[in-house]
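Written out below as structure tokens is the structure these notes cover.
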Amino acid sequence: MKVCVVGTGYVGLTTGVSLAFLGHEVTCVDLDQQKIDMLTGGSCPIYEPGMEDLLAEATANLTFTTSYAEAVPGADVVFVAVQTPSADDGSPDLRYLRSAAESVAQNLDHDFTVVVNKSTVPIGSGNWVDAILRESFAQRADRPAGCEFSVASNPEFLREGNAIHDTLFPDRIVIGSDNPRSLEVLNQLYRPIINQTFTAPSFSPRPDDIGAVPLVSTDLASAELIKYAANAFLALKISYANEIGQLAAKVGADISEVTRGMGLDQRIGSRFLQAGVGWGGSCFGKDTKALIATAAEYNYSMPIVQAAREVNERQRLIAVERLQDELRILKGRKIGLLGIAFKPNTDDLRDSPALDIANLLLARGARVRLHDPIAGERFRREQPSLAPYLSDSLDALFDDCDAVVLVTEWAQYLELDWGKFVGLMRTPILLDGRHVLDAERMARLGYKYLAIAG
Ligand code: UGA
């Protein structure tokens, strides 16, 4: 099928490259010339494992352009995957979505095109985009006769750092539309994934236990709500583990044992129960806020989602308080933070716990140093106020340090020669912000091992 993808961020790029890999003819459009030049040259503007390999494999079916006039005409499906940043009141800022929809409408020429909202958009956006498309299309002097289109929602469930795996081998595909023809077109588009008929790329093998991928074919509003409800549930699952974690510390229980015991109950499940400094990234914070903002439009409050946010904010503060309890005085102390990205295998810094923890420590007079195996350059560019505190080497970070905090559980840190670095520290305090290090081993190596919960 012929596909156009608007926006080459995480979601748009993964969608475009994956569909091209599956054999569809894909054109990705983005107004950022620099990004398009990079992609045309075969390099990837974001850090995502496997993406450059997939780009290389799919190159024959892929075109990158800044021109909607090149990308939209003839497309059976147009995915809109532009950014929807949070406005001040927590609701998503939809100006990029509006202008993308207008540009798409200016260039529609096919007998039937499905325009798909792929970005996480507020509930009701399907109708809103439909209205913009119709208005803009009606204003065209050159509008072709017999050109029909319809809006669908197809939320994305990929995790950064696992984007290709999550797209090719998803737990489910959700498509929502009030037009049966759109559902049929999208069903056809995704058939290779639904039936798992494609040859998996060597760098992202097919999981042994995957069968046919369930397709949830539903109405627009339900598809839109599924995305928010899923992300908010994952966020509150982690916050719940973190809330229990603090109680575990008080009563002398081990949170890792508690969550293991809980997670083995199949009704609960073990994933997203990892306690620590809490969640960050571009999705959970924004989506929980947006859900609350949508509910407020209906005069409805969501205390459970609100509580998940509050617990998450508190976790960052607890990290600082653990250090303060231990060191007594934070002023003048050198604290090293290992990991700046919001999670491993990405260079994304949005809402990363490391940034808040660094700022809280600086506000209390500590001397902060940060390190990250991949996100350092991006950090320097995007966080000018914290950039002077970046350490280029682990030696520089550990040297004369009063405490080190493992904030992001990069594999490199888990495999670190911890025994070598302990000797560089002034006081060997190690706060495991993700509960991933072996406490006994760290103690044997000479660290005073602390966890967020207990
Ligand atoms: C999340 C969802 O997992 C995806 O399904 C969704 O498509 C995506 O948002 C989105 O809406 O675009 P992502 O933000 O990339 O994906 O990352 P996650 O792997 O979900 O991690 C989010 C945060 O939770 C990270 O900071 C991670 O460190 C933290 N986390 C995760 C925990 O603290 N504990 C856990 O047990 C799991």
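Every number for a ligand or one of its atoms is a count from 1 in the order of the listing. Only this structure's heavy atoms are used, side chains among them; waters, hydrogens and symmetry mates stay out.
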Under the side-chain hydrogen bond (donor to acceptor under 3.5 Å, both in side chains) criterion, do Asn242 and Trp279 qualify, and how do the steps go? CA-CA 10 Å; Asn242 281 328; Trp279 40 264; over 6 Å; no
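- Within the 4.0 Å heavy-atom cutoff, Gly280 counts among the residues contacting ligand 1.
- Nearest protein heavy-atom contact of atom 18 (P) of ligand 1 is Lys343 NZ, 3.6 Å.
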What do the steps show when you test Thr346 against Tyr10 for side-chain hydrogen bond (donor to acceptor under 3.5 Å, both in side chains), and what is the final call? CA-CA 11 Å; Thr346 179; Tyr10 279 99; 3.2 Å; yes
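- Nearest protein neighbour of atom 35 (C) of ligand 1, counting heavy atoms only, is Gln274 CB, 3.6 Å.
- Each of the following atoms of ligand 1 lies closer than 4.0 Å to a heavy atom of Leu273: 36 (O).
- Nearest to atom 24 (O) of ligand 1 among the protein's heavy atoms is Trp279 CB, 3.2 Å.
- When side chains are defined from C-beta on, Gln34 does not count as touching Pro45, because their heavy atoms never get closer than 4.5 Å.
- Here atom 3 (O) of ligand 1 lies nearest to Arg159 when heavy atoms of Glu156, Glu409, Arg159 are compared.
- Distances between N or O atoms of Gly281 and those of ligand 1 include no value under 3.5 Å.
- Atom 25 (C) of ligand 1 has its closest protein heavy atom at Phe342 CD1, 3.7 Å.
- Taking 4.0 Å as the cut-off between side-chain N and carboxylate O, Glu377 and Arg381 do not count as a salt-bridged pair.
- Of the possible polar contacts, one joining the Gln315 side chain to the Gly276 backbone as a donor-acceptor pair under 3.5 Å is found.
- Nearest protein heavy-atom neighbour of atom 6 (C) of ligand 1: Leu158 O, 3.3 Å.
- For atom 5 (O) of ligand 1, the closest non-hydrogen atom on the protein side is Phe157 O, 2.8 Å.
- In the vicinity of Lys227, heavy-atom distances shorter than 4.0 Å reach the ligand 1 atoms 6 (C), 7 (O), 10 (C), 11 (O), 12 (O).
- Using a 4.0 Å heavy-atom cutoff, Arg434 is listed among the residues neighbouring ligand 1.
- At least one N or O atom of Glu160 sits closer than 3.5 Å to an N or O atom of ligand 1.
- Distance from atom 30 (N) of ligand 1 to its nearest protein heavy atom, with residue and atom name: Ile238 CD1, 3.4 Å.
- With a heavy-atom cut-off of 4.0 Å, Phe284 touches ligand 1 through its side chain alone.
- For the salt bridge (Lys or Arg N to Asp or Glu O under 4.0 Å) test with Asp351, the passing option among Lys286, Arg316, Lys343, Arg309 is Arg316; the others fail.
- Looking only at distances, a side-chain donor or acceptor of Asp30 sits under 3.5 Å from a matching main-chain atom of Thr8.
- In this structure, the side chains of Leu19 and Val77 stay at 4.5 Å or more apart for every pair of heavy atoms.
- At a 4.0 Å heavy-atom cut-off, ligand 1 does not touch Val11 at all.
- Heavy-atom proximity to atom 10 (C) of ligand 1, evaluated over Ser282, Cys283, Pro155, Gly161, is greatest for Cys283.
- Side-chain contact between Tyr68 and Cys4 is absent, with no heavy-atom pair separated by less than 4.5 Å.
- In this structure, Arg206 is positioned above the aromatic face of Phe198, its NZ or CZ under 6.0 Å from the six-membered ring centre and within 45° of the axis.
- Just one of Asn359, Leu323, Leu330 meets the side chain to side chain contact (heavy atoms under 4.5 Å, CB included) condition when paired with Arg364; it is Leu330.
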